[in-house]
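All remarks here apply to the structure that follows.
Note that the structure is predicted; figures quoted are calculated from it, not measured. By convention in this document, chain letters (A, B, ...) are assigned in the order of the sequence lines, proteins followed by strands, and residues within each chain are numbered from 1.
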Amino acid sequence: MAKDAGGLTSRAEDFPRWYQEVVAGAEMAENGPVRGTMVIRPWGFGIWELLQGELDRRIKDAGAENAYFPLFIPEAFLGLEKEHVEGFSPETWVVTHGGGKPLEEPVVVRPTSETVVNHFFAKWIQSHRDLPLLVNQWSNVVRWEMRTRLFLRTSEFLWQEGHTAHATEQEATDYAVRILRDAYLDTIESVMRIPTFVGLKTDRERFAGAIRTWACEGMMGDGKALQLGTSHELGQNFARAFDIQYADESGARSYVHQTSWGASTRLIGGLIMVHGDDFGLRLPPALAPSQVVVMVVRADEHTDRASAAIADELRSAGLRVRIDDQTAASFGRRAIDWERKGVPVRIEIGPRDLAEDRAVVVRRFDRSKQSVGLSSLLAEVRSALERTSAVLHAEALAFREAHTTSVETLEEAVEAAAEGFAVLPASEVGEAGEDTLAGYGITVRCLQRADGSLPGVDEGDLSAVVGKSY
RNA sequence: CGGGGAGUGGCGCAGUAGGUAGCGCGCCUGCUUUGGGGGCAGGAGGCCGGGGGUUCGAGUCCCCCCUCCCCGACCA
């Protein structure tokens, strides 16, 4: 029966349905009352807060400072950069009324903030001494979407968007790549434990208004790709549109070179689809709102006291611990609920264990159980958390490798992309090839060197990673 | 926007010769149980998406409208 695995549809049976059931069953999010909107519940938001903390620290390490720009943007701003407006006009929400009356000038709800940020950059940047200007904001953005899916695509979503201005194109390129690597790639690999392809986007996939887009791409559990973070070089496009000029040492005026980059709550969708299994979510310890749940099997004074003591010990060691003493609910029900939420380690404490000064440690990643002496509990939990982190990455990497095929021709790529990614010489694709692939629902996810590393600007002889995507 | 489907307790659904609205899960109370979705007993909760029509009588038949979901085109 399909419902054997903790009440969820199996991934193999119906992956999209499994995804929705995990999002709902783990109490992460649900649809808002307005089409395409999302309510992020405490468990989902707790994951986001941890992820946000990791990204924020790395962004600050890269020198950017946080700021905040308004939600409402004058409609006229959007039109100032030609490609940008063409790219975003179809997805904007426009406010036409306020205070019960039509607005004299309609206001756009930000789909992204390049325009309003650069309006201010023009004021703030006068001299080469004002550069580089490195600003990040955490915010919501709103876009019209045809079809929405919780976390993966919603009309309103949370993200961070960075905006920078530099004196030279080289500096801008370096910074865009630095963010991609040090903030995004590092967070996705070492915190989220998702194996990641990095590379350059083709012109077709480039951000509206950018000259180059760099991206992190992950493979989901169904073989499809998900873009996990992008970093754009805007060249001088917005600088010209918003007249952002600086005076160099000699007093000559030049337009700045810019970048913008973003990562969103979509990352949570990726987390689910990469690590989840038929029993629900599996969280990497770094992103688990509770890393350990101490389950009281049966309530009495012994188990209550013991579970509190264990929780204290683990907390003192810096772990996020939660006690589940809701013994009015059955044991099985509670075990399944925590499993679905993806808590990495469960400790079960009942009279049987306490009689021997032991506890049962359950690892979520393989659902293995082990009876452990109380004195070595902390060490066992730590080791289980480390194993979790290592295994999640290893399993995801093995899956991606098993579903990535090196091919030589477009025809072979189409065939291989039915199962996952195909990697082929970029020269075999080209713009015409991209059109062909698009006919099969396949896109070029990124261009990279043959060894998988990031290419340089205008570098030839690249490989194209292609596949179906979310 | 094109093609398909659905609106009935919180969730998932059943409900056609039109005749007083049901089931599972969840929820509340009590007892019992608790080592992988417990058991028994009692209980609460519905303008059947909206409006009009046919009829003695409409969840069910007719007309109009609204919303949502799935597949495709757009996208972090």
Side-chain angles (χ1 to χ4, degrees), chain A residues 1 3-9 14 16-17 20-21 24-25 27 30-36 38 86-92 110-113 139-149 151-161 184 201 204-208 210 213 215-218 225-232 260-270 279-280 295-300 303 324-340 346-355 358-360 362 367 369 371 438-441 443 468-470:
Chain A
M1 194 168 87
K3 298 289 178 182
D4 280 354
L8 298 171
T9 299
D14 186 341
R17 186 167 170 194
Q20 290 186 321
E21 289 178 1
E27 300 182 334
E30 55 193 81
N31 287 312
V34 171
R35 175 198 147 76
M38 167 170 62
E86 284 172 3
F88 279 101
S89 284
E91 18 183 336
T92 54
R110 64 181 164 216
T112 178
S113 302
S139 72
N140 58 344
V141 283
V142 177
R143 301 175 182 184
W144 182 262
E145 294 291 351
M146 302 293 186
R147 221 184 117 208
T148 60
R149 275 219 246 195
F151 290 119
L152 299 175
R153 172 163 301 106
T154 47
S155 282
E156 180 192 10
F157 59 90
L158 305 182
W159 75 346
Q160 59 68 218
E161 49 176 322
Y184 298 154
K201 286 288 184 183
R204 185 195 180 101
E205 300 287 322
R206 202 161 28 86
F207 174 75
T213 288
C216 293
E217 294 282 333
L226 184 70
Q227 180 171 301
L228 296 165
T230 49
S231 188
H232 316 291
S260 71
W261 24 279
S264 72
T265 37
R266 163 180 281 189
L267 288 170
I268 296 174
F279 299 91
M295 272 186 70
V296 178
V297 174
R298 195 183 314 175
D300 62 39
T303 48
D324 174 6
D325 56 3
Q326 303 296 305
T327 49
S330 75
F331 173 83
R333 161 55 52 108
R334 292 184 291 145
I336 283 166
D337 285 348
W338 292 118
E339 209 157 57
R340 269 208 288 244
R346 224 165 57 228
I347 298 177
E348 300 172 359
I349 308 222
R352 263 176 8 215
D353 309 294
L354 286 185
R358 303 179 76 82
V360 173
V362 189
R367 302 176 70 240
K369 295 189 179 192
S371 178
Y440 296 93
T443 49
K468 295 186 176 174
S469 80
Y470 278 93

Just checking A/L152: base, sugar-phosphate only, or nothing, at a heavy-atom cut-off of under 4.0 Å? base
Determine the contact category for A/T154: base if any of its heavy atoms lies under 4.0 Å from a base atom, sugar-phosphate if only primed atoms, P, OP1 or OP2 are that close, otherwise nothing. base
Cationic N near anionic O, under 4.0 Å, A/D337 to A/R334: no
Let's test this: given Watson-Crick or G-U wobble pairing with both distances under 3.5 Å, identify the partner of B/A41. B/U29
Protein-to-nucleotide contact annotation, 5' to 3' order, nucleotides 66-72 of chain B [B base; S sugar-phosphate only; - none; under 4.0 Å, heavy atom]: --S-SSS
Could you tell me the Watson-Crick or G-U partner of B/G19, where both distances fall under 3.5 Å? Say none if there is no partner. B/C56
Mind checking A/V141 for me? I need base, sugar-phosphate or nothing, with any heavy atom below 4.0 Å counting as a touch. nothing
By the Watson-Crick or G-U definition, both distances under 3.5 Å, B/C1 is matched with B/G72
Stacking between A/F157 and the base of B/A76 (centre distance under 5.5 Å, interplanar angle under 30°)? yes
Counting just side-chain N and O atoms, does A/S330 come under 4.0 Å of either OP1 or OP2 of B/G38? yes
Taking A/S371 as the fixed residue, which of A/R352, A/E348, A/R358 is the one that meets the side chain to side chain donor-acceptor pair (under 3.5 Å) rule? A/R358
Mind checking salt bridge (Lys or Arg N to Asp or Glu O under 4.0 Å) for A/D353 and listing every partner two or more places apart, or none if nothing turns up? none
Would you kindly check whether a donor in the side chain of A/K369 faces an acceptor in the base of B/G35, or vice versa, at under 3.5 angstrom? no
Is the charged tip of A/R367 near the ring of A/F279: under 6.0 Å from the six-membered ring centre and within 45° of its axis? yes
What do you reckon, is CD of A/Q326 surrounded by more than 12 foreign heavy atoms closer than 6.0 Å? no
Between A/R352 and A/A438, name the one whose nearest nucleotide on RNA chain B is closer to the 5' end. A/R352
If I pick the P atom on B/G53 and the same atom on B/G59, what distance separates them, to the nearest angstrom? 15 Å
First encountered from the 5' end of RNA chain B, between A/Y470 and A/D353: A/D353
Atom OH of A/Y470: over 12 foreign heavy atoms under 6.0 Å: yes
Go through the N and O atoms of the side chain of A/R346 and the base of B/G36, and report whether any donor-acceptor pair is under 3.5 Å. yes
Separation between CG (A/N140) and OG (A/S264), nearest 0.5 Å, reads 12.5 Å
Paired nucleotide for B/G35 [Watson-Crick or G-U wobble; both distances under 3.5 Å]: none
